[in-house]
Amino acid sequence: MNGFVQRIEQNRETHCSAEEYQHLYRRSLEQPDAFWLDQAQRLDWFEAPTKAGEWSFDPVDIRWFADGTLNLCHNAVDRHLAERGDTTALIFEPDDPADDGRKLTYSELHSEVVGMANALKAMGVRKGDRVTIYMPMIVEGVLAMLACARIGAVHSVVFGGFSPEALAGRLVDCESRFVVTADGGKRGTKPIPLKTNVDAALELEGVTVEKVLVVRHTAEDTAMKEGRDVWYHEAVSDADCPCEPMKAEDPLFILYTSGSTGKPKGVLHATGGYGVWTATTFHYVFDYEPGEIYWCTADIGWVTGHSYIVYGPLINGATSLVFEGVPNYPDHGRLWDVVDKHGVNILYTAPTAIRALMREGNGFVTSRDRSSLRLLGTVGEPINPEAWRWYFDVVGEERAPVVDTWWQTETGGVMITTLPAAHDMKPGSAGKPFFGVVLELVDNDGEVLDGEAAGNLCITQSWPGQARTVYGDHDRFVQTYFSTYRGKYFTGDGCRRDEDGYYWITGRVDDVINVSGHRMGTAEVESALVLHDKVAEAAVVGYPHDIKGQGIYCYVTLNAGEEGSDALHDELRVHVRKEIGPIATPDHIQFTGGLPKTRSGKIMRRILRKIAENDFGALGDTSTLADPSLVDRLIEGRQNR
Ligand code: WTA
C-alpha cells in the first residue's frame with residue numbers, strides 16, 4: 001500500500017463503494033446515454049430529456065439533454081418546499097463573529113428569491129439579459145444568482161475583490177445593462193467599497209449599464225444616482241413569480257476566467273448539463289446525507305462558489321453555509337469556531353488556506369472541538385503532501401477522509417477526485433476520474449502516453465458540465481481548448497499518472513499562474529504594468545511560494561530616462577492593484593535593461609521562469625537569444641533582490 005492512506009470506514013449508508021464506483025464508471029463510458037439520462041433524474045424537468053450527449057470536439061459542438069426543459073431555481077428551491085420547506089437551506093455567518101448571522105429555511109429562501117426576482121423584473125430584466133453580480137459573501141449574492149436563474153436571465157458574477165477597471169471590462173464584454181451590488185462589504189477588518197467601485201466602473205468607456213440594484217449591508221452613506229440606482233429593500237415584492245421554463249441548452253451563466261493570452265474569457269455554461277453535473281458530483285463527492293451541515297469557504301465570485309455553495313448543494317436539498325469573512329479574523333482559529341458554532345460536517349476549502357493556517361501552529365486548531373467534521377475537501381491548486389497530512393491528521397484527526405478535487409471553471413464541476421467510501425487516498429494526488437470523465441496524457445507532439453506517464457492533461461469525451469462556448473467568441477473557445485491537440489479538450493495542466501492509475505496534477509503548463517487558488521493570466525498583469533507611463537515592457541511569470549502556491553514575479557523595463565527605485569517598485573504594485581485588484585499584487589518587481597528575446601523578438605519565458613525560481617543551473621539553450629549576455633545581468637538582478 002505504498003503511498004496510500006487507507007479509506008475510512010464511516011459506518012453509514014455510504015453512497016458509493018469501490019465496487020459501485022467500478023461498475024458506475026464502466027457504465028458511464030459504455031452506455032453514456034443511459035447513464036446520464038438516469039443521473040438527469042436527480043432534477044425535476046418540465047419536459048424530460050430523451051437524449052443525453054450530442055457532441056463533437058472536431059468541429060466543436062456540444063449539447064446535452066437538448067430536448068429537455070427545466071429551471072434550476074425551481075430545482076434548487078421550489079421543488080424542496082413540499083418535503084423540506086422547514087429544513088435550513090442557508091446559514092449565514094458574518095465577518096464579525098459578534099454580528100448576528102441568519103438562517104434561511106427552504107421556504108424562507110423561496111420567498112426571498114421571489115422577492116429578488118421581482119426586483120430584477122421591475123428594473124426591466126428579461127429572459128436572456130445578462131445581469132452582473134458584484135457582491136460581498138452575503139445571502140443576497142446567492143439570492144441574486146437564483147433569481148436570475150428563475151427568470152431566465154444570465155448571471156455574470158464578478159468577484160468583489162476586482163477593481164472598477166476589471167469590473168468594467170467584464171460589463172462591457174457581455175454588454176451587461178444591469179448590476180446587483182451592495183453598499184459595501186467587509187473582510188476581516190477591511191472595508192470593501194463595492195458601490196463606490198461600481199460608480200467608478202460605470203464611468204469607464206463602453207459600459208452600458210442602465211440600472212443598479214443596491215443591497216443595504218454595511219449601512220454606510222451611499223450616494224444613489226436618480227433614475228439608475230435602486231435600493232433592493234425598496235424594490236422587493238412578493239408578487240407571484242413563476243420559474244421560467246428553460247431549454248437545457250439555454251445559458252445559465254457567464255463566468256470570466258483567465259487564460260494564456262488576452263483579456264479574461266466569459267466562459268458560458270448551459271442550464272441542463274451544468275445542473276446535472278453539479279447535482280451528481282455534489283452527491284457522490286461529498287457523500288451528503290440529509291441533515292448534514294456543509295460548508296464551502298469559496299467566494300461566489302469563483303466557479304467553486306457557483307457549483308458548490310449554490311447549485312450543487314441546493315439542488316441536493318443540503319444545508320449550505322455562506323461565510324462572509326476570512327480564516328484569520330479575529331484569529332487563526334476562525335474556521336474551527338465556525339465549524340463548532342454550526343456543527344459543520346463537511347468542509348471544502350483551498351490548499352492556500354490550509355498552508356496559511358498550518359504555519360500558525362496546531363494550537364488554534366486543537367483548542368477547538370471540531371468533532372462534527374466528517375469529510376474534508378480541497379480545491380483550486382495542487383496540495384502539497386505536507387499540507388494534506390496536516391489537514392488529515394490535525395484538523396480531521398484521521399477520522400475524516402480528504403477529497404482533493406481537481407476541476408476548472410470550464411469543467412463546471414469536479415472531474416478528478418477520490419470518492420470517500422470507494423478509494424484509498426494518496427496525499428498530493430487528486431485521485432481518479434469521476435463518472436463519464438475520460439482522461440488522456442499526451443506529450444508536446446500530441447502522442448498519447450499510456451500507463452505510468454507524465455504529460456499534458458486532455459479530456460477526450462464530453463461531459464454534461466462542460467462549458468459550451470466563450471461568450472461572444474466561439475472561435476476563441478475552439479482555439480483555446482481544442483486546437484492544441486485536435487479533437488481533444490486541453491486543460492492547460494500538466495499531470496502524472498502513477499502505477500495505480502492515480503492522477504497527480506503538476507500545475508499549469510501555459511502562461512496561467514495560480515496565486516492562492518486564484519487563476520491569473522500573466523498577460524493580464526503585463527498589460528496592467530505597461531499601462532503605467534514609466535513602463536516600456538513587462539514580462540510576468542510565476543514562482544513557487546510557500547503559502548500562495550505561486551507568487552507573481554515581474555520583469556520590467558522602463559522608458560528611456562527612467563530609473564528603477566524602491567519608490568517606483570511600490571508605485572507599480574499599487575498600480576497593478578488598482579488595475580486588476582489586490583489578488584494580482586506583484587510579489588517581486590525586477591527592473592531590467594531588457595528582456596531575453598529570440599532574434600525574432602519572442603520573449604523567452606522559460607528563462608525568466610527559471611531565474612525567478614532561483615534555478616540558474618538549468619537555463620537550457622540560451623544561444624538563440626538576441627543578446628545572450630543579458631542572462632547574466634538578469635541573474636545578478638535576481639540575486640540582489
Ligand atoms: C488548478 C477552480 C491541482 C488547475 C475549480 C486548474 C488544481 C485550475 C486543483 C482551475 C486540484 C484546481 N489540484 N490543481 N485539486 N483544482 N486546480 O478555473 O491548474 O479557478 O487548471 O477552477 O486550478 O482553476 P479555476
Side-chain angles (χ1 to χ4, degrees), residues 158-170 185 187-194 196-205 258 262-264 511-516 518-597 603 605 608-609 611-614 630 633-641:
V158 176
F159 174 56
F162 277 124
S163 67
E165 283 77 5
L167 171 61
R170 288 155 172 81
R187 279 167 71 76
T189 50
K190 224 175 71 203
I192 320 267
L194 292 165
T196 310
N197 287 352
V198 170
D199 290 344
L202 267 48
E203 294 300 315
L204 297 174
E205 205 178 306
S258 298
K263 292 182 303 178
D511 290 321
V512 171
I513 51 181
N514 193 326
V515 182
S516 301
H518 301 317
R519 194 168 146 180
M520 207 166 317
T522 50
E524 286 167 67
V525 183
E526 289 163 5
S527 319
L529 282 165
V530 296
L531 281 178
H532 191 282
D533 58 13
K534 292 188 177 149
V535 174
E537 205 174 16
V540 172
V541 297
Y543 72 101
H545 187 287
D546 283 350
I547 303 293
K548 300 198 236 181
Q550 282 189 298
I552 303 177
Y553 198 102
C554 311
Y555 297 89
V556 168
T557 52
L558 297 172
N559 285 323
E562 301 294 346
E563 279 283 331
S565 65
D566 287 348
L568 184 56
H569 182 273
D570 294 347
E571 190 178 318
L572 288 178
R573 293 184 80 212
V574 172
H575 170 77
V576 173
R577 286 171 75 95
K578 181 182 159 290
E579 286 298 326
I580 305 176
I583 55 170
T585 309
D587 294 281
H588 282 297
I589 297 173
Q590 180 175 337
F591 296 110
T592 165
L595 294 171
K597 291 185 187 165
I603 295 177
R605 292 171 171 281
L608 292 176
R609 264 185 231 122
I611 295 175
E613 285 166 17
N614 259 325
L630 182 63
R633 278 177 278 140
L634 282 167
I635 292 177
E636 206 178 302
R638 173 68 174 123
Q639 285 166 331
N640 291 337
R641 280 226 57 82

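Because the structure is predicted, anything quoted here is derived from the model rather than measured. Positions are given from 1 along the sequence.
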**Student:** Considering all heavy atoms of both residues, which atom of Pro191 and which atom of Thr189 are nearest to each other, and what is their separation?
**Tutor:** CD-O, 3.4 Å

**Student:** Crowded around Asp566 CG? As in, over 12 foreign heavy atoms under 6.0 Å?
**Tutor:** no

**Student:** Work out which heavy atom in Leu194 is nearest to a heavy atom in Gly185; give both atom names and the distance.
**Tutor:** CD1-N, 3.9 Å

**Student:** I'd like to know if the side chain of Thr522 reaches the main chain of Asp511, judged simply by a donor and an acceptor atom lying under 3.5 Å from each other, with no hydrogens or angles considered.
**Tutor:** yes

**Student:** At what distance, to the nearest 0.5 angstrom, does CD1 of Ile192 lie from CZ of Arg187?
**Tutor:** 6.5 Å

**Student:** For the pair Arg573 (side chain) and Thr585 (backbone), establish whether a donor and an acceptor sit closer than 3.5 Å, ignoring hydrogens and angles.
**Tutor:** no

**Student:** Would you mind reporting whether Arg577 and Ser163 have side-chain heavy atoms less than 4.5 Å apart?
**Tutor:** no

**Student:** Does the plane of the ring in Tyr553 sit parallel, tilted or perpendicular to the ring in His588? Use 30° and 60° as the thresholds.
**Tutor:** tilted

**Student:** Has Glu524 got a side-chain atom pairing as donor or acceptor with Pro264's backbone, closer than 3.5 angstrom?
**Tutor:** no

**Student:** Are the side chain of Thr557 and the backbone N or O of Gly594 linked by a donor-acceptor pair below 3.5 Å?
**Tutor:** no

**Student:** Got a second to check how far Phe591's CZ is from Glu563's CD, nearest 0.5 Å?
**Tutor:** 10.0 Å

**Student:** Report the distance from atom CD1 of Ile611 to atom CZ of Arg638, rounding to the nearest 0.5 Å.
**Tutor:** 9.5 Å

**Student:** Looking at Ala538 and Leu595, what are the two nearest heavy atoms and their distance?
**Tutor:** C-CD1, 4.1 Å

**Student:** Would you find a donor on one side and an acceptor on the other, under 3.5 Å apart, between the side chain of Asn559 and the backbone of Asp533?
**Tutor:** yes

**Student:** Are the side chains of His532 and Glu579 in touch, meaning some heavy atoms are under 4.5 Å apart?
**Tutor:** no

**Student:** Could you give me the CA-CA distance, side-chain angles and deciding distance for Val525 and Val576, then say whether side chain to side chain contact (heavy atoms under 4.5 Å, CB included) is met?
**Tutor:** CA-CA 7 Å; Val525 183; Val576 173; 4.2 Å; yes

**Student:** Which heavy atom of Ala584 sits nearest to which heavy atom of Ile552, and what is that distance?
**Tutor:** O-CD1, 3.5 Å

**Student:** May I ask you to test the Leu167-Val198 pair for a side-chain heavy-atom distance under 4.5 Å?
**Tutor:** yes

**Student:** Roughly how far apart are Ile580 CD1 and His575 NE2, rounded to 0.5 Å?
**Tutor:** 9.0 Å

**Student:** Going by side chain to side chain donor-acceptor pair (under 3.5 Å), name the residues that satisfy it together with Lys263, two or more places apart in sequence or in a different chain.
**Tutor:** none

**Student:** Tell me, please, which residues at least two apart from Pro193 pass side chain to side chain contact (heavy atoms under 4.5 Å, CB included).
**Tutor:** Thr196, Asn197

**Student:** What are the two closest heavy atoms between Ala523 and Gly262, and how far apart are they?
**Tutor:** CB-N, 4.1 Å

**Student:** Would you indicate whether the side-chain heavy atoms of Glu613 and Val541 approach each other to under 4.5 Å?
**Tutor:** no

**Student:** Does the side chain of Glu526 come within less than 4.5 Å of Leu529's, by heavy atoms?
**Tutor:** no

**Student:** With a cut-off of 6.0 Å (strictly less than), are more than 12 heavy atoms of other residues, nucleotides or ligands near CG of Asp546?
**Tutor:** no

**Student:** A quick test of your reading: do over 12 heavy atoms of other residues, nucleotides or ligands sit less than 6.0 Å from CD of Gln639?
**Tutor:** yes

**Student:** Quick check: do Lys548 and Asp587 have side-chain heavy atoms less than 4.5 Å from each other?
**Tutor:** yes

**Student:** With rounding to the nearest 0.5 Å, note down the distance linking NZ in Lys534 to CG in Leu558.
**Tutor:** 9.0 Å

**Student:** For the pair Tyr555 (side chain) and Leu608 (backbone), establish whether a donor and an acceptor sit closer than 3.5 Å, ignoring hydrogens and angles.
**Tutor:** yes

**Student:** About how many Å separate CG of Asn514 and OG of Ser258, when rounded to the nearest 0.5 Å?
**Tutor:** 10.5 Å

**Student:** Using every non-hydrogen atom in the two residues, find where Ala201 and Ala168 come nearest and quote the distance to one decimal.
**Tutor:** O-CB, 3.9 Å

**Student:** Decide yes or no on side chain to side chain contact (heavy atoms under 4.5 Å, CB included) for Leu630 and Lys597, but give the supporting numbers first.
**Tutor:** CA-CA 10 Å; Leu630 182 63; Lys597 291 185 187 165; over 6 Å; no

**Student:** Any side-chain heavy atom of Leu204 within less than 4.5 Å of one from Glu165?
**Tutor:** yes

**Student:** Could you check if a side-chain atom of Leu572 sits within less than 4.5 angstrom of a side-chain atom of Pro586, using non-hydrogen atoms only?
**Tutor:** no

